[in-house]
**Q** 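This structure is in structure tokens; I'll ask about it shortly.
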Amino acid sequence: MYAITGITGQVGAVVARNLLAAGKDVRAVVRDARKGAQWAAQGCELRMAEMHDAAALERAFAGAEAVFVLLPPNFDPSPGYPEAKRLIAALRTALEAARPQRVVCLSTIGAQAVMPNLLSQLQLMEQELGSLPMPVAFLRAAWFIENFAWDVEAARQTGIIPSFLQPLDRPVPMVATADIGRTAADMLQQQWQGVRIVELEGPQRLSPNDIAAGFARALGKPVQAQVMQRAGWEALFRAQGMQHPTPRMRMLDGFNEGWIEFEAGQPWSCKGQVGLDVVLRGLVERA
């Protein structure tokens, strides 16, 4: 039995589909039974658990051969990341009690970065869960190409996509969620000892200009990327409702300045198979 958290999201869903296709038994760990119904219809066992509820998570993980852990994203964390620390503590308590044979955690590129930023929440997860008594693997994924779903409407309506990534011709490690989920499903079925780190990006690195060109192909009209000047980031993020924009701004700085990178570097990262055009076509069709 493979217990999957985050199954109603993009990555968790791909993990589950790959395991089901391989003939594996899957346990869907969900917070909302209604959202879990589609997985029950596909033969998954359902277990209810909030990610801060260690006792419920222990019951959800009990008897599982392997567990996939996905920390719910928080783009506006309070200083010191107390929200993430609470969830990580619950996960650790549950996993230590349930004792699955192995654990695979979705982490991030730059989890080893020494400068605090939004991704430091996943560094905390690696530090805490890396000392569990069973084999634990961290899948450090690059920037999700699916993040550009936010830009579909602007590309379609104005032909311009705003870019916090800059300069516009600088390639950034990116990856499709299909590659992340497939890789995680493969890792769950493997054997290893101790702590394992897998760093994953797509078949090629992509610049904001590449993203704009991809949208142009998907939409059949000219699309350009336009720099969002850093001086305006904080005011913009606060206007959008953020209370603590600094971690997000520092993450963007890390990509733009190059200190958010794979620990082993580009030559040693695993490379996915899904290209930009496949993802953008899907985003445009669903919008």
**Q** Is the shortest distance from a Lys or Arg side-chain nitrogen in Arg281 or Glu285 to a carboxylate oxygen in the other one below 4.0 Å?
**A** no
**Q** Taking NZ, NE, NH1 and NH2 as the nitrogens, is one of them in Asp277 or Arg217 under 4.0 Å from a carboxylate oxygen of the other?
**A** yes
**Q** Side chains of Arg92 and Ser131: any donor to acceptor distance under 3.5 Å?
**A**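 Ser131 vs Arg92: donor-acceptor pair found between side chains.
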**Q** For the residue pair Ile145 and Leu276, establish whether any side-chain heavy-atom pair is separated by less than 4.5 Å.
**A**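 Result yes, sub-4.5 Å side-chain heavy-atom pair found.
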**Q** Would you say the side chains of Gln190 and Arg196 form a donor-acceptor pair under 3.5 Å?
**A** yes
**Q** When you compare the side chain of Gln266 with that of Arg205, does any pair of heavy atoms fall below 4.5 Å?
**A** yes
**Q** Using the side chain to side chain contact (heavy atoms under 4.5 Å, CB included) rule, take Leu87 and Leu71 through it: C-alpha gap first, then chi angles, then the decisive distance, then the call.
**A** CA-CA 8 Å; Leu87 300 180; Leu71 196 67; 3.8 Å; yes
**Q** Is a side-chain donor or acceptor of Thr177 paired with a backbone partner of Gln10 at a separation under 3.5 angstrom?
**A**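 No, Thr177 side chain to Gln10 backbone: no donor-acceptor pair under 3.5 Å.
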**Q** Using atom types as modelled and distance alone, determine if a side-chain donor or acceptor of Glu126 lies under 3.5 Å from a backbone N or O of Leu122.
**A**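 Pair absent, no side-chain N/O of Glu126 close to backbone of Leu122.
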**Q** Does any N or O in the side chain of Glu199 come within less than 3.5 Å of the main-chain N or O of Glu263, such that one atom is a donor and the other an acceptor?
**A** yes
**Q** Do Val136 and Cys105 have side chains that get closer than 4.5 Å, going by heavy atoms?
**A**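 Side chain of Val136 against side chain of Cys105, heavy atoms only: contact under 4.5 Å found.
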**Q** Show, in sequence, the C-alpha distance, side-chain angles and deciding distance for Ser163 and Val227, and conclude whether the side chain to side chain contact (heavy atoms under 4.5 Å, CB included) test is met.
**A** CA-CA 5 Å; Ser163 179; Val227 167; 5.7 Å; no
**Q** Would you mind checking if Arg140 and Glu261 are paired as a salt bridge, meaning a charged N to carboxylate O distance below 4.0 Å?
**A** no
**Q** Applying ring pair (Phe, Tyr, Trp, His ring centres under 6.0 Å), which residue pairs with at least one partner in residues 245-268 are found, sequence neighbours left out?
**A** Trp143-Phe255
**Q** Is there side-chain contact between Leu165 and Arg170, with heavy atoms separated by less than 4.5 Å?
**A** no
**Q** Compute whether any side-chain donor of one residue and acceptor of the other, for Thr183 and Asp186, lie under 3.5 angstrom apart.
**A**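 The criterion, which ignores hydrogens and geometry beyond distance, is not satisfied for Asp186 and Thr183.
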**Q** For Lys271, is there an ion pair with Asp179 - N to carboxylate O distance below 4.0 angstrom?
**A**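 Lys271 and Asp179: not salt-bridged.
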**Q** Would you kindly check if the NZ (Lys) or CZ (Arg) of Arg156 is within the cone defined by 45 degrees around the ring axis of Phe215 and under 6.0 Å from the six-membered ring centre?
**A** no
**Q** Assess Arg27 against Tyr2: is NZ or CZ under 6.0 Å from the centre of the six-membered ring, and within 45 degrees of the ring's axis?
**A** no
**Q** Side chain to side chain contact (heavy atoms under 4.5 Å, CB included) between Asn117 and Met249: does it pass, once the steps are laid out?
**A** CA-CA 8 Å; Asn117 70 92; Met249 292 168 62; over 6 Å; no
**Q** Taking the side chain as every heavy atom from C-beta outward, state whether Met174 and Phe148 have any pair of such atoms under 4.5 Å apart.
**A** yes
**Q** Between Asn256 (side chain) and Gln166 (backbone), is there a donor-acceptor pair under 3.5 Å?
**A** yes
**Q** After noting the C-alpha distance and the side-chain angles of His244 and Ser78, does the key distance pass the side chain to side chain contact (heavy atoms under 4.5 Å, CB included) rule?
**A** CA-CA 6 Å; His244 310 287; Ser78 302; 4.0 Å; yes
**Q** Is the closest side-chain heavy-atom distance between Val103 and Pro135 below 4.5 Å?
**A** no
**Q** With a 4.5 Å cut-off on side-chain heavy atoms, are Glu234 and Met242 touching?
**A**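 Answer no - side chains too far apart.
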**Q** Contact between Val30 and Lys35 at the side-chain level, heavy atoms closer than 4.5 Å - yes or no?
**A** no
**Q** Quick one: do Met134 and Val69 end up in the same hydrophobic cluster if we chain Ile, Leu, Val, Met, Phe, Trp and Tyr together by side-chain heavy atoms under 4.5 Å apart?
**A** yes
**Q** Checking Phe237 against Phe164 for the ring pair (Phe, Tyr, Trp, His ring centres under 6.0 Å) test, could you report, in this order, the C-alpha distance in whole Å, the side-chain angles of both residues, the deciding distance, and whether it holds?
**A** CA-CA 12 Å; Phe237 292 157; Phe164 297 102; 5.3 Å; yes
**Q** Looking only at side-chain N and O atoms, does Glu58 offer a donor or acceptor that is under 3.5 Å from a partner on Thr93?
**A** no
**Q** Are any of the side-chain nitrogens in Glu65 or Lys24 under 4.0 Å away from the carboxylate oxygens of its partner?
**A**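 Salt bridge flag = no for Lys24 with Glu65.
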**Q** Could you tell me whether Glu83 and Lys85 make a salt bridge, using a distance below 4.0 angstrom between a side-chain N and a carboxylate O?
**A** no
